[in-house]
Amino acid sequence: MGLFDFLRKKNPANIQVDKQAQLMPVTNAYLLKELENRLSASGYDVQKNQQYESLTINAELEIATAIIDSPDNHPAILHVKFLSIHPTCFPDGIDENIVGIGATPEEKVQSVLNNYLNTTFPPIMQSLSDNHNPAIDFYTSIENLDVQWHPALGVLALQGKWDQVPTGEPLFGLIKEKIQRNLNNQKFNWLKLYVARQQNGEIISDCLLNNEPWQQGLDELNAYAKQWPQQASFLGQKQFMIFRRCDAFDK
C-alpha cells in the first residue's frame, strides 16, 4: 500500500475541512509566490523566471513546482511535485513529491512549504556549499579507486506520537553500509526515505535513489518499522539525504 493511497482513504489528521474555503483551489502561481516570500525572508536571493513558473535561488538553484490534482485526494491534502535543478550538479533535477495538510488552502500551502523547506531544501543548499560533517564522511571503491563522499543529512521528520523520540541518525545508520555499494559515479547522489506503520501494523514506505526506486533500501525500511515499539499506534519517519563526491576526487 502506497502513501498516497493511505491518505486518500481517510482524513490523516482528523482535520475539519473548511468546505467554503475549499471552493477556492490552490494555484501554482500562489504556491510559488509564498515560496518566494519564505525564501526571501530567510535571506536568499530569489529571482522569478519570466518564461515559466519557477524560482532561481542565489543564481544557482532552480525550483519548479507542480500541483498534482486528483479527485481521489482527501480535501485536506495538497500534493505538490518539487523539482530542484542545478545546471551542472543535477541538471535533470531532484524530484520530490510532498504533501501538505490543512483545513484551508492557505494552511495546506504553508504545510507543504514547511515540509519542503525543513526537510529537502537544507541538505541541497548544504551540499552546494560543500559544508560537510567529517564525522560522517565515508569512502567507496569506484573503478578500483577509493572515493570520499560528504553526506548532507536532512532533519529526521517524525509522524505520530512517539513515546520515546529516536535519537541520532537511525535512518542513515540503517542504510549507510548498503548505500556505499549503490552510489553512481557522479558528483551528487540523493536519497529519499519514508516509512510509516499504521495502527493495524501495515507498513507504508517509499525509497528513491536518484529519483529511482531502490529496493534494498525499501527492504531495510520495512524491516526497521516492524521493530518499532508502541504497537497499535501510527508512527512515521522521513528523511532526505545528499551524497556529494569530494572535490579532491573529481576527474
Side-chain angles (χ1 to χ4, degrees), residues 2-4 7-8 12 15 17-18 20-129 152 154-155 157 187-192 194 206 208-212 238 240-242:
L3 170 62
F4 295 116
L7 293 177
R8 287 168 184 156
I15 292 176
V17 177
D18 186 334
Q20 185 65 31
Q22 291 299 328
L23 296 177
M24 301 174 59
V26 175
T27 65
N28 199 52
Y30 172 70
L31 175 70
L32 274 176
K33 183 60 179 176
E34 290 301 303
L35 177 58
E36 179 183 0
N37 292 341
R38 294 277 297 269
L39 290 170
S40 296
S42 296
Y44 293 100
D45 175 53
V46 185
Q47 301 296 324
K48 185 176 181 180
N49 192 304
Q50 299 302 317
Q51 294 182 323
Y52 54 96
E53 292 187 326
S54 71
L55 303 174
T56 301
I57 316 303
N58 292 351
E60 59 176 350
L61 179 70
E62 184 176 6
I63 302 175
T65 59
I67 295 174
I68 310 301
D69 287 322
S70 170
D72 295 328
N73 284 350
H74 190 280
I77 291 171
L78 177 64
H79 176 190
V80 177
K81 179 186 288 292
F82 286 81
L83 192 64
S84 308
I85 306 166
H86 191 282
T88 57
C89 297
F90 30 87
D92 294 331
I94 296 175
D95 190 356
E96 174 113 71
N97 287 281
I98 294 181
V99 164
I101 301 174
T104 67
E106 292 81 5
E107 289 180 1
K108 290 190 292 185
V109 166
Q110 294 307 317
S111 174
V112 80
L113 292 181
N114 286 340
N115 199 334
Y116 174 75
L117 292 174
N118 292 334
T119 61
T120 304
F121 183 73
I124 290 176
M125 297 306 293
Q126 177 188 339
S127 66
L128 292 177
S129 70
V155 299
K187 184 66 176 178
F188 290 85
N189 289 257
W190 53 93
L191 181 65
K192 172 189 174 182
Y194 177 79
D206 192 20
L208 297 178
L209 176 59
N210 300 327
N211 298 341
E212 298 295 332
K238 173 185 176 182
F240 180 81
M241 309 174 185
I242 291 190

Any sub-3.5 Å donor-acceptor pair from [X]'s side-chain atoms to [Y]'s backbone N or O?
{"X": "Asn115", "Y": "Ser111", "answer": "no"}
{"X": "Ser127", "Y": "Ile124", "answer": "yes"}
{"X": "Thr27", "Y": "Tyr30", "answer": "yes"}
{"X": "Lys48", "Y": "Leu32", "answer": "no"}

Search all heavy atoms of [X] against all heavy atoms of [Y] and return the closest pair with its distance.
{"X": "Gly102", "Y": "Lys108", "result": "N-CG, 3.4 Å"}
{"X": "Glu60", "Y": "Met125", "result": "OE2-CE, 4.3 Å"}
{"X": "Thr119", "Y": "Ala157", "result": "CG2-CB, 4.1 Å"}

Where do Ile57 and Asp45 land on the side-chain contact (heavy atoms from CB on, under 4.5 Å) test, with the steps shown first?
CA-CA 6 Å; Ile57 316 303; Asp45 175 53; over 6 Å; no
Out of curiosity, [X] [atom1] to [Y] [atom2], how far, rounded to the nearest 0.5 Å?
{"X": "Ile67", "Y": "Glu53", "atom1": "CD1", "atom2": "CD", "result": "9.0 Å"}
{"X": "Leu208", "Y": "Ile94", "atom1": "CG", "atom2": "CD1", "result": "12.0 Å"}
{"X": "Phe82", "Y": "Ile63", "atom1": "CZ", "atom2": "CD1", "result": "8.0 Å"}

Walk me through whether Phe240 and Tyr194 qualify under ring-ring contact (aromatic ring centres under 6.0 Å, His included).
CA-CA 9 Å; Phe240 180 81; Tyr194 177 79; over 10 Å; no
Note: Lys192-Glu96 ion pair, threshold 4.0 Å (strictly below):
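Glu96 and Lys192: salt-bridged.
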Please check if any side-chain donor atom of Tyr116 sits under 3.5 Å from a side-chain acceptor atom of Thr65, or the reverse.
no
The residue among Val112, Val26, Leu113 that forms side chain to side chain contact (heavy atoms under 4.5 Å, CB included) with Val80 is Val112
